[in-house]
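Report on the structure given below.
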Amino acid sequence: MRTIWKGAISFGLVNVPIRLSTATNKNNIRFRLLHNKCKTPVNTVRYCTKCDEEVPYQDLVKGYEYEDNKFVVLRDEDFDNIPVKSTKTIDIIDFVKLEEIDPIYYIKTYYLAPAEGGEKPYLLLKKAMANTRKVAISKITVRNKESLAVIRVMDDLLVMETMYFADEVKTVDDLTIKTMEDKIKISDKEEELAVEIVNNLTAEFEPEKYDDEYRQELLDIIRTKIEGKEVEIHETAPVESKVLDLMDKLKASVEASERKEKEKKESKQITG
């Protein structure tokens, strides 16, 4: 597994040397843009409209637009001179309960492995976090960008989730969700049926049972085209237009979820 960052976790007066590597990989199907006329790949050109010429990569600089069409240029040495402590270490700020963090803050997951000489303090930190059932709020700088992060224990290792800062999460005030309960009344029976549906559909989380069906269908279409065959058009079943009130829908959903739960139990008995 490729290491993308080396540094240390600052844990009180103890430094834990670690190696950072990505924990996830999105299996996207990649496409090239082609010229429809001749099916030749189209290249992206860096073009300057003022000089009327293509610009080589080595002639590009980063510019911050502080006013319309007015830029201040930042070079590599400007980023290197930023006095941020987290450029070399992952600084633990607080220990908190994992359930206090809403998943909306999470961005990407990384594995943290001990670097040479860091095995003992790594295990010490992991055991302390496991025993107290706490996670560590910290800061890290990767590729000139400081991120908030949470470090937690997963199985036998430490993992880190980069997070959004509070001012990067949009508020929901303009969605008027908070005022809905004042306008809409839910009966006890409706709430009871909704809870029953949730209970009937409750299962243990098994990530391997969830497939990307859209990606698989798209791959099937690609293989069909490679083989020179016609792609079959599957008609989508029309949505039922029968009008049911909320209570009828809830009752029908309970019945359907009960059937699904029964089928699941029968399937386990057969396979077991």
Side-chain angles (χ1 to χ4, degrees), residues 1-5 19-47 54 57 60 98 101-113 140 142-143 145 147 149-150 152-164 168-170 197-198 200-242 249 252-253 255-272:
M1 195 174 295
R2 188 172 70 89
T3 298
I4 64 169
W5 189 89
R19 296 179 288 111
L20 188 78
S21 57
T22 55
T24 57
N25 180 45
K26 189 66 177 174
N27 291 324
N28 291 326
I29 298 176
R30 299 184 180 277
F31 294 94
R32 294 282 303 275
L33 291 177
L34 311 178
H35 185 189
N36 188 44
K37 180 180 178 181
C38 62
K39 305 301 184 286
T40 302
V42 176
N43 294 323
T44 302
V45 178
R46 293 176 293 270
Y47 178 75
E54 185 178 347
Y57 183 79
L60 296 176
L98 180 61
I101 306 172
D102 193 285
I104 195 173
Y105 288 96
Y106 296 144
I107 303 174
K108 189 174 176 63
T109 307
Y110 297 86
Y111 291 138
L112 298 176
I140 182 175
V142 179
R143 299 189 183 97
K145 186 182 186 306
S147 295
V150 59
R152 61 185 177 87
V153 178
M154 188 184 81
D155 298 329
D156 294 324
L157 77 160
L158 295 175
V159 298
M160 184 187 76
E161 321 269 354
T162 51
M163 302 170 66
Y164 292 105
E168 295 177 313
V169 177
K170 296 180 180 179
I197 295 169
V198 172
N200 288 340
L201 295 178
T202 297
E204 291 185 7
F205 178 57
E206 300 173 8
E208 61 277 0
K209 80 177 185 181
Y210 306 108
D211 299 319
D212 186 345
E213 295 178 9
Y214 178 84
R215 178 174 178 270
Q216 189 55 53
E217 292 287 344
L218 185 56
L219 284 172
D220 290 342
I221 290 174
I222 291 171
R223 292 190 193 100
T224 300
K225 285 182 170 286
I226 291 173
E227 294 168 1
K229 300 176 182 177
E230 287 292 325
V231 176
E232 293 184 18
I233 306 298
H234 301 285
E235 291 189 10
T236 305
V239 179
E240 291 185 15
S241 58
K242 184 179 179 182
K249 291 178 181 177
S253 298
E255 293 172 0
S257 63
E258 286 176 345
R259 287 195 300 271
K260 187 174 181 181
E261 178 68 15
K262 183 180 178 181
E263 291 170 359
K264 187 167 60 176
K265 288 180 179 178
E266 290 175 350
S267 176
K268 284 185 177 180
Q269 289 174 353
I270 293 171
T271 56

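Every value quoted in this text rests on a predicted model; they were computed, and no experiment measured them. Scope of the values below: all heavy atoms of this structure, side chains included, with no hydrogens, waters or symmetry mates.
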Item checked: Lys145: side-chain hydrogen bond (donor to acceptor under 3.5 Å, both in side chains) partners, not counting sequence neighbours -> none

Just list the side-chain donor-acceptor pairs under 3.5 Å for residues 157-164, sequence neighbours left out, or say none.
unit_1: Glu161; atom_1: OE1; unit_2: Thr109; atom_2: OG1; d: 2.6
unit_1: Glu161; atom_1: OE2; unit_2: Arg152; atom_2: NE; d: 2.9
unit_1: Glu161; atom_1: OE2; unit_2: Arg152; atom_2: NH2; d: 2.7
unit_1: Thr162; atom_1: OG1; unit_2: Lys108; atom_2: N; d: 3.2
unit_1: Thr162; atom_1: OG1; unit_2: Lys108; atom_2: O; d: 3.3

Note to self: If the condition is side-chain hydrogen bond (donor to acceptor under 3.5 Å, both in side chains), which residues does Glu208 pass it with, not counting sequence neighbours?
What the structure shows: none

Notebook entry, point to check: Going through the distances and angles, do Ile140 and Trp5 end up as a side chain to side chain contact (heavy atoms under 4.5 Å, CB included)?
Noted result: CA-CA 10 Å; Ile140 182 175; Trp5 189 89; 4.1 Å; yes

Notebook entry, point to check: How close do Val169 and Tyr105 get, heavy atom to heavy atom, and via which atoms?
Noted result: CG2-CE2, 3.7 Å

Margin query: Using side-chain heavy atoms (C-beta onward) and a distance below 4.5 Å, is Leu34 in contact with Thr40?
Written below: no

Notebook entry, point to check: Does a donor on one side chain sit under 3.5 Å from an acceptor on the other, for Asp212 and Gln216?
Noted result: no

Check: With sequence neighbours excluded, what pairs up with Val45 under the side-chain contact (heavy atoms from CB on, under 4.5 Å) test?
Finding: Tyr47, Glu54

Checklist line | Nearest-0.5 Å distance that lies between atom CD in Glu255 and atom NZ in Lys260 | finding: 16.0 Å

Check: Hey, does Ile29 have a side-chain heavy atom less than 4.5 Å from the side chain of Phe31?
Finding: yes

Notebook entry, point to check: Which residue pairs pass the salt bridge (Lys or Arg N to Asp or Glu O under 4.0 Å) test when at least one of the two sits in residues 22-46, sequence neighbours left out?
Noted result: none

Check: Looking at residues at least two apart in the chain, or sitting in another chain, which of them share a side-chain hydrogen bond (donor to acceptor under 3.5 Å, both in side chains) with Ser257?
Finding: Asn200

Notebook entry, point to check: Hey, are the side chains of Lys262 and Glu258 touching, using non-hydrogen atoms and a 4.5 Å cut-off?
Noted result: no

